[in-house]
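What you see is a predicted model; the values in this text were computed from it and never measured.
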Amino acid sequence: MKRLMMMLLVAGVLMAGLGYAMGGDNDVYWEHGRAKVAKREVKRLLVTEPLRFTALELRASVADVRVTEGDAFRIEAEYQDGQEPKYELDGDVLRVYDTGAQSRALRFSMGVHIFSGNRVTVTLPRGTQLADADLHVDVGALSVEGLRAERVTAGSNTGTLRIRDVTAQTLEAKTGVGEASLAGLATGGLTVRSGTGEVSVQGALRGVTDVSTGVGSVSVETSLNATDYQRVYAHADVGETSVQPEWNPALSAATENSVSAACGVGDVRIRFGR
């Protein structure tokens, strides 16, 4: 009996998700004696005119977001769930956002999210140098490629986080539920936090590097030598730790570089360049 109930529950969840994906979140109304489904209008945003700004602030409630570099400046967004993508230039700050309050995403504890294909892409001209980039997604994947800024903050409450070839004096990355993958970094300080999900970090990691997750393995690979770090810390409440080559504090240079990697449940690995 319990097995049957569980099978029915799983089937119900799958059917609900399928119905949502096929438009089951649309409003239903009664007209001329018949039930009708109100289709949501697709909202689009396209900006190609060059804009002058030194800071980028991006907020998305339910969408897959990408910030990348290219030949010319461009904002392109498409929302299929009734929300509207918008932007504004406030002095030196470019803000990209959506109406947000109408979010109807289904959220699961394992990080699965279902929504109606919302997406946002911001393309910055190659060589652009920003003072600040603050990027956040409530539900959805966040991808950042080729960004250069003094300070970068990037996060997703529920969804994967992918950061590639980013140069920043300070970089903070956070995900509540979802994997975080960062590679090709050049940082003067790095903080990565994840509630549930594997975390991998690779690059030239200077200053203070602090990486942790609650549940999931942690991997930190730096191109610097082990002797370039004054402090190295690896810890797992439940799991194994590995530091290679072996770090010897007696051989460390007098620098401000340090690396810390920790997790609650999972393995922790730190690798130095040589």
Are any side-chain N or O atoms of Asp81 and backbone N or O atoms of Gln83, one a donor and one an acceptor, separated by less than 3.5 Å? yes
Shortest non-hydrogen contact from Val42 toward Glu78: CG1-CG, 3.7 Å
Is it true that a side-chain atom of Ser156 and a backbone atom of Gly140 form a donor plus acceptor pair closer than 3.5 Å? yes
May I ask you to say whether Glu145 pairs ionically with Arg164, meaning some side-chain N is under 4.0 Å from a carboxylate O? no
Asn118 side chain to Gln80 main-chain N or O, any donor-acceptor pair under 3.5 Å? yes
Does a sphere of radius 6.0 Å around CD in Glu88 hold more than 12 heavy atoms from other residues, nucleotides or ligands, not counting ones at 6.0 Å or beyond? yes
Check whether any side-chain heavy atom of Leu124 sits under 4.5 Å from a side-chain heavy atom of Phe73, and report yes or no. yes
Starting at CG of Asp237, measure out to NE2 of His235 and round the result to the nearest 0.5 Å. 4.0 Å
Short side-chain to backbone donor-acceptor contact, Arg231 and Tyr229, under 3.5 Å: no
Does one hydrophobic cluster hold both Tyr97 and Leu135, with members joined at side-chain heavy-atom distances below 4.5 Å? no
Within the 4.5 Å heavy-atom criterion, are Val259 and Leu205 side-chain neighbours or not? no
Output yes when Arg59 and Asp134 qualify as a salt bridge under the 4.0 Å nitrogen-oxygen rule, no when they do not. yes
Look at the side chain of Ser181 and the backbone N and O of Ser200, then say whether any donor-acceptor pair between them is shorter than 3.5 Å. no
Beyond-backbone contact of Thr128 with Glu69, side-chain heavy atoms, under 4.5 angstrom: no
Hydrophobic clusters here meaning ILVMFWY residues chained together by side-chain heavy-atom distances under 4.5 Å, can you tell me if Ile163 and Val208 are in one? no
If you group Ile, Leu, Val, Met, Phe, Trp and Tyr by side-chain heavy-atom gaps below 4.5 Å, do Tyr233 and Val220 land in one group? no
SB check Arg269 Glu221 (cutoff 4.0 Å): yes
Strictly distance-based, threshold 3.5 Å: is any side-chain N or O of Thr213 a donor or acceptor partner for the main-chain N or O of Ser194? yes
Nearest-0.5 Å distance, CZ of residue Arg52 to CG of residue Leu94: 13.5 Å
More than 12 heavy atoms of other residues, nucleotides or ligands under 6.0 Å from CD of Glu240: yes or no? no
When rounded to the nearest 0.5 angstrom, what distance separates CG in Asp64 from CZ in Arg119? 10.0 Å
Might you work through the side-chain contact (heavy atoms from CB on, under 4.5 Å) test for Val232 and Phe272, ending with a clear yes or no? CA-CA 11 Å; Val232 175; Phe272 299 106; 3.6 Å; yes
Can any side-chain N or O of Asp92 pair as donor or acceptor with the backbone N or O of Thr54 at less than 3.5 Å? no
Do Pro85 and Arg44 touch side chain to side chain, with heavy atoms closer than 4.5 Å? no
Determine whether a donor-acceptor pair (N or O, by modelled atom type, separation under 3.5 Å) exists between the side chain of Gln202 and the backbone of Gly184. yes
How far does CG of Asp228 sit from OG of Ser223, to the nearest 0.5 angstrom? 9.0 Å
Is Val93 linked to Val122 within one hydrophobic cluster, defined over Ile, Leu, Val, Met, Phe, Trp and Tyr using a side-chain heavy-atom separation of less than 4.5 Å? no
Quick check: closest heavy atoms across Ala168 and Val152, and the distance to 0.1 Å? CB-CG2, 3.9 Å
Val65 and Ala60: which non-hydrogen atoms are nearest, and at how many Å? CG2-CB, 3.8 Å
Heavy-atom pair of closest approach, residues Val62 and Asp98: N-OD2, 4.3 Å
To the closest 0.5 Å, what do you measure between CG (Leu142) and CG (Leu58)? 8.0 Å
Quick check against the 3.5 Å criterion: does Asp267 have a side-chain atom that pairs as donor or acceptor with the backbone of Ser217? no
Under 4.5 Å between side-chain heavy atoms, counting indirect links through other Ile/Leu/Val/Met/Phe/Trp/Tyr residues: same cluster for Val120 and Phe53 or not? yes
Flag for Arg151-Thr153: side-chain donor and acceptor within less than 3.5 Å: yes
Has Lys174 got more than 12 heavy atoms of other residues, nucleotides or ligands less than 6.0 Å from its NZ? no
For Tyr79 and Thr99, which I'm curious about, is there any donor-acceptor pair between the side chains at under 3.5 Å? no
Shortest non-hydrogen contact from Cys263 toward Gly216: CB-O, 3.5 Å
Determine whether a donor-acceptor pair (N or O, by modelled atom type, separation under 3.5 Å) exists between the side chain of Thr175 and the backbone of Gly159. yes
Test side-chain contact (heavy atoms from CB on, under 4.5 Å) on Asp71 and Arg126; report intermediate values, then the result. CA-CA 6 Å; Asp71 295 332; Arg126 290 184 179 86; 2.5 Å; yes
Minimum heavy-atom distance Thr123-Ala72, with the two atoms named: CG2-O, 3.5 Å
Would you give the length of the straight line joining atom CD of Gln129 to atom CG of Leu147, rounded to the nearest 0.5 angstrom? 8.5 Å
